*Asks:* 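Pasting a structure below so you can have a look.
Computed from heavy atoms alone, side chains included, the values below leave out hydrogens, waters and symmetry copies. These numbers were taken from a predicted model, which means no experiment stands behind them.
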Amino acid sequence: MKKQKKLEDFFRSNKPAVSGNVITISSDEEDVSNKKQSFEKKPRNINAILCPKPASAFEKPATKNKPIGAGDEASRWRSAQNSFSCQSSRTLPVTDDPEPRTKKGGKCPFYKKVEGTTFAVDAFSYGQIEEVTAYFLSHFHYDHYRGLNKSFTGRLYCTAITARLVALKLKLAFESITVLPMDQESEVEGVRVRTLDANHCPGSAMFVFLLPDGRSMLHTGDFRASLQLVSSLTETLRRHSPPPVHTLYLDTTYLNPRYEFPSQAQVIGEALSIALDAVNRFGNRVLFVCGSYTIGKERLYLKLAEALGLQIAVDKPKFDILDCFQWESVTKYVIKDFKAASIHVRAMSDVKIEKLSAHLVKFPAFTHIVAFCPTGWNYSPGMSLSQLKPVSADNISIYNLPYSEHSSFSELKSFVQSVKPKKVITTVGTNYADMKGCIDSCLS
């Protein structure tokens with residue numbers, strides 16, 4: 001108990017993918033309402049709820065001062081988005097598990113190591129890696145922390161939220177963890193390291209490594225590119241890394257022209273419209289269910305709670321995870337009493353007709369379930385949010401939302417064009433020729 005107390009005090013005081021591929025390129029959101037459950041209260045204005053948020057943090061207020069050069073980045077970003085076309089007819093490989101299981105102790109692939117350093121990122125499946133002195137964890141998703149456990153003897157670097165999750169779920173000794181403050185620069189073994197929000201999941205980070213020889217390395221971890229993220233990143237690079245990015249380690253989960261899913265704000269807006277329609281039809285007899293991973297998809301269900309003035313119920317393990325975020329919105333909305341809440345968060349695998357039917361039986365106060373399964377894998381070419389149809393049976397309706405926390409294909413293209421790296425190392429994917437051909441055609 002004493003050790004656990006010490007652990008909590010420590011972290012609260014610090015609050016503040018299968019084959020890697022090298023591609024050489026020419027260098028040319030949560031204020032919330034009260035907890036009282038009431039459908040009689042008029043929901044807040046959706047447009048106000050969906051106002052743009054900065055990429056630097058999930059809950060950080062928008063900055064009043066326009067970043068230097070933001071207009072140029074906005075113009076470049078929109079131009080790239082609007083003019084995008086891919087001539088390649090090849091189908092690029094995209095897998096649900098971008099990093100298939102690697103036997104622990106196997107050779108660490110080069111794309112896990114940061115060039116010019118003794119650092120490795122998300123490389124915990126290979127035992128003690130020769131010549132690696134510092135291990136960085138970009139975020140707390142299993143395919144990135146796989147192999148990390150309480151017997152880890154190296155030095156771990158990550159954000160405060162990720163550190164709290166590692167301590168909670170993996171029981172790693174906090175003496176082995178160094179917290180890197182978000183949006184600040186730290187020095188690690190003579191290398192300047194700046195940590196930026198990756199817009200992926202709570203605690204997710206991009207790392208900018210500024211080497212003593214003047215080169216800069218940018219590792220995106222998993223990320224969702226956006227205009228706000230690009231503007232923030234390019235301003236940071238201008239201020240703290242005058243040379244252009246030498247090497248970009250890029251999350252290419254959706255490096256496939258078929259994945260052009262809508263923005264998160266658009267998907268959340270459609271979900272809110274669906275939810276409001278359900279309230280108008282069924283009143284307080286409708287139960288909303290949101291699919292989620294260990295972490296991820298929080299924006300969706302927290303926005304629903306804010307718009308409808310409802311509480312969110314999660315189980316004890318999920319509650320402990322959300323508590324690691326130290327967000328006011330979690331404190332205001334999230335409870336462990338499922339009978340007292342009209343939004344239930346369940347595992348993504350539970351968002352199925354048969355499982356939801358069984359779930360509804362447990363809560364006789366509700367007569368209908370409207371469920372959301374939010375993932376980018378739901379997207380298909382030509383998909384329209386306005387024509388989204390549910391999978392329905394009896395009193396259960398499931399909406400498969402194309403909500404992604406990874407970058408779409410054109411967002412990846414726009415991001416690379418904005419950063420202008422000299423070299424790209426892809427961290428997700430299996431076919432070098434297709435990936436290189438597609439990126440080259442986009443950037444030519």
Side-chain angles (χ1 to χ4, degrees), residues 30-44 46 49 165 168-169 202 268 271-375 390-401 403:
E30 327 292 350
D31 180 27
V32 293
S33 52
N34 64 58
K35 285 187 175 181
K36 184 178 180 181
Q37 292 282 295
S38 174
F39 282 102
E40 297 177 358
K41 184 172 70 173
K42 184 177 181 181
R44 295 183 57 188
I46 291 180
I49 295 169
L165 290 167
L168 172 71
K169 303 300 289 185
I268 291 174
L272 290 179
S273 295
I274 292 169
L276 288 171
D277 180 67
V279 170
N280 290 333
R281 292 171 60 197
F282 308 120
N284 60 3
R285 304 283 282 172
V286 60
L287 172 63
F288 297 102
V289 175
C290 292
S292 177
Y293 300 127
T294 301
I295 58 171
K297 317 306 179 183
E298 292 82 9
R299 278 198 185 113
L300 175 60
Y301 55 79
L302 286 170
K303 289 295 186 184
L304 284 174
E306 180 182 358
L308 302 176
L310 302 176
Q311 287 183 297
I312 303 166
V314 299
D315 57 23
K316 175 63 165 58
K318 184 72 170 181
F319 187 89
D320 291 341
I321 287 172
L322 295 176
D323 188 52
C324 288
F325 304 167
Q326 297 183 0
W327 290 355
E328 289 185 7
S329 56
V330 170
T331 302
K332 291 182 178 181
Y333 284 123
V334 180
I335 60 176
K336 291 176 282 188
D337 184 356
F338 282 85
K339 292 182 178 179
S342 293
I343 300 175
H344 292 182
V345 175
R346 308 293 293 170
M348 204 75 79
S349 59
D350 289 339
V351 186
K352 298 177 181 178
I353 293 293
E354 60 275 13
K355 291 189 176 182
L356 291 177
S357 296
H359 188 71
L360 182 60
V361 171
K362 299 176 184 177
F363 303 96
F366 301 103
T367 58
H368 295 76
I369 283 183
V370 171
F372 299 106
C373 179
T375 171
V391 176
S392 299
D394 298 325
N395 295 338
I396 311 293
S397 295
I398 301 174
Y399 289 85
N400 293 311
L401 301 176
Y403 180 90

*Asks:* Is it true that a side-chain atom of Lys297 and a backbone atom of Pro374 form a donor plus acceptor pair closer than 3.5 Å?
*Replies:*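 Side chain of Lys297 to backbone of Pro374: a pair is present.
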
*Asks:* Between Val351 and Gly291, what is the shortest heavy-atom contact and its length?
*Replies:*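 Closest approach of Val351 to Gly291: CG2-CA, 3.7 Å.
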
*Asks:* So, taking the atom named CG in Leu300 and the one named SG in Cys290, what distance separates them when rounded to the nearest 0.5 Å?
*Replies:*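 Answer for the CG-SG pair, Leu300 versus Cys290, is 4.5 Å.
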
*Asks:* So, do Asp323 and Val330 sit near enough that their side-chain heavy atoms are less than 4.5 Å apart?
*Replies:*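 Result no, sub-4.5 Å side-chain heavy-atom pair not found.
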
*Asks:* Is there a donor-acceptor pair closer than 3.5 Å between any side-chain N or O of Asp337 and the backbone N or O of Lys339?
*Replies:*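 Checked: pair present.
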
*Asks:* Looking at CG of Leu356 and CG of Leu287, how far apart are the two atoms once the value is rounded to the nearest 0.5 Å?
*Replies:*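 So the gap between those two atoms works out to 8.5 Å.
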
*Asks:* Considering residues, nucleotides and ligands other than Asp277, do more than 12 of their heavy atoms fall under 6.0 Å from its CG?
*Replies:*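 Counting other residues, nucleotides and ligands, CG of Asp277 exceeds 12 neighbours.
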
*Asks:* Nearest 0.5 Å please: distance from the CD1 atom of Ile398 over to the OG atom of Ser392.
*Replies:*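 So the gap between those two atoms works out to 8.0 Å.
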
*Asks:* Using only atom types and a distance under 3.5 Å, with no angle test, would you say the side chain of Arg285 pairs donor to acceptor with the backbone of Ala365?
*Replies:*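 Judged by distance alone, yes, a pair lies under 3.5 Å.
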
*Asks:* Are side-chain N/O atoms of Lys169 and Thr294 paired as donor and acceptor at under 3.5 Å?
*Replies:*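 Lys169 vs Thr294: no donor-acceptor pair found between side chains.
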
*Asks:* For Ile353 and Val391, work out which heavy atoms get closest and say how close.
*Replies:*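 Where Ile353 meets Val391 most closely, the heavy atoms are CD1-O, 3.9 Å.
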
*Asks:* Starting at CG of Leu360, measure out to NZ of Lys362 and round the result to the nearest 0.5 Å.
*Replies:*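 Answer rounded to 0.5 Å: 11.0 Å.
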
*Asks:* Can you find a pair of side-chain heavy atoms, one from Leu322 and one from Glu298, that are under 4.5 Å apart?
*Replies:*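 Leu322 vs Glu298: side chains touch.
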
*Asks:* Do you know which two heavy atoms are closest between Ile295 and Pro202, and how far apart they sit?
*Replies:*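 Where Ile295 meets Pro202 most closely, the heavy atoms are CD1-O, 3.8 Å.
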
*Asks:* Which heavy atom of Ala271 sits nearest to which heavy atom of Phe372, and what is that distance?
*Replies:*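 Of all heavy-atom pairs spanning Ala271 and Phe372, the closest is O-CZ, 3.7 Å.
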
*Asks:* Tell me the closest heavy-atom pair linking Phe366 and Ala341, and the distance in Å.
*Replies:*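 So the two residues come closest at CZ-O, 3.6 Å.
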
*Asks:* How close do Leu168 and Asp320 get, heavy atom to heavy atom, and via which atoms?
*Replies:*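 What the structure gives for the nearest pair is CD2-O, 3.7 Å.
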
*Asks:* Would you check if Leu304 and Tyr333 make a side-chain contact, meaning some heavy-atom pair closer than 4.5 Å?
*Replies:*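 No - every pair of side-chain heavy atoms lies 4.5 Å or more apart.
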
*Asks:* Tell me which one of Ile312, Ile369, Val370 satisfies side-chain contact (heavy atoms from CB on, under 4.5 Å) with Phe288.
*Replies:*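 Option passing the side-chain contact (heavy atoms from CB on, under 4.5 Å) with Phe288: Val370.
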
*Asks:* Supply the atom-to-atom distance Asn400 CG to Thr375 OG1, rounded to the nearest 0.5 angstrom.
*Replies:*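 One gets 9.5 Å once the value is rounded to the nearest 0.5 Å.
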
*Asks:* Strictly distance-based, threshold 3.5 Å: is any side-chain N or O of Ser292 a donor or acceptor partner for the main-chain N or O of Gly296?
*Replies:*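 Indeed, once roles are kept as given, a pair shorter than 3.5 Å links the two residues.
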
*Asks:* According to ring-ring contact (aromatic ring centres under 6.0 Å, His included), does anything in residues 340-362 pair up with another residue at least two apart or in another chain? List the pairs.
*Replies:*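 Only Phe338-His344, His344-His359, His344-Phe363, His359-Phe363 qualify under ring-ring contact (aromatic ring centres under 6.0 Å, His included).
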
*Asks:* Hey, what do you get for CZ (Arg281) to NE2 (His368), rounding to the nearest 0.5 Å?
*Replies:*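 That separation rounds to 7.0 Å.
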
*Asks:* Considering residues at least two apart in sequence or located in another chain, which fulfil the ring-ring contact (aromatic ring centres under 6.0 Å, His included) criterion with Phe319?
*Replies:*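 ring-ring contact (aromatic ring centres under 6.0 Å, His included) check on Phe319 returns nothing, list empty.
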
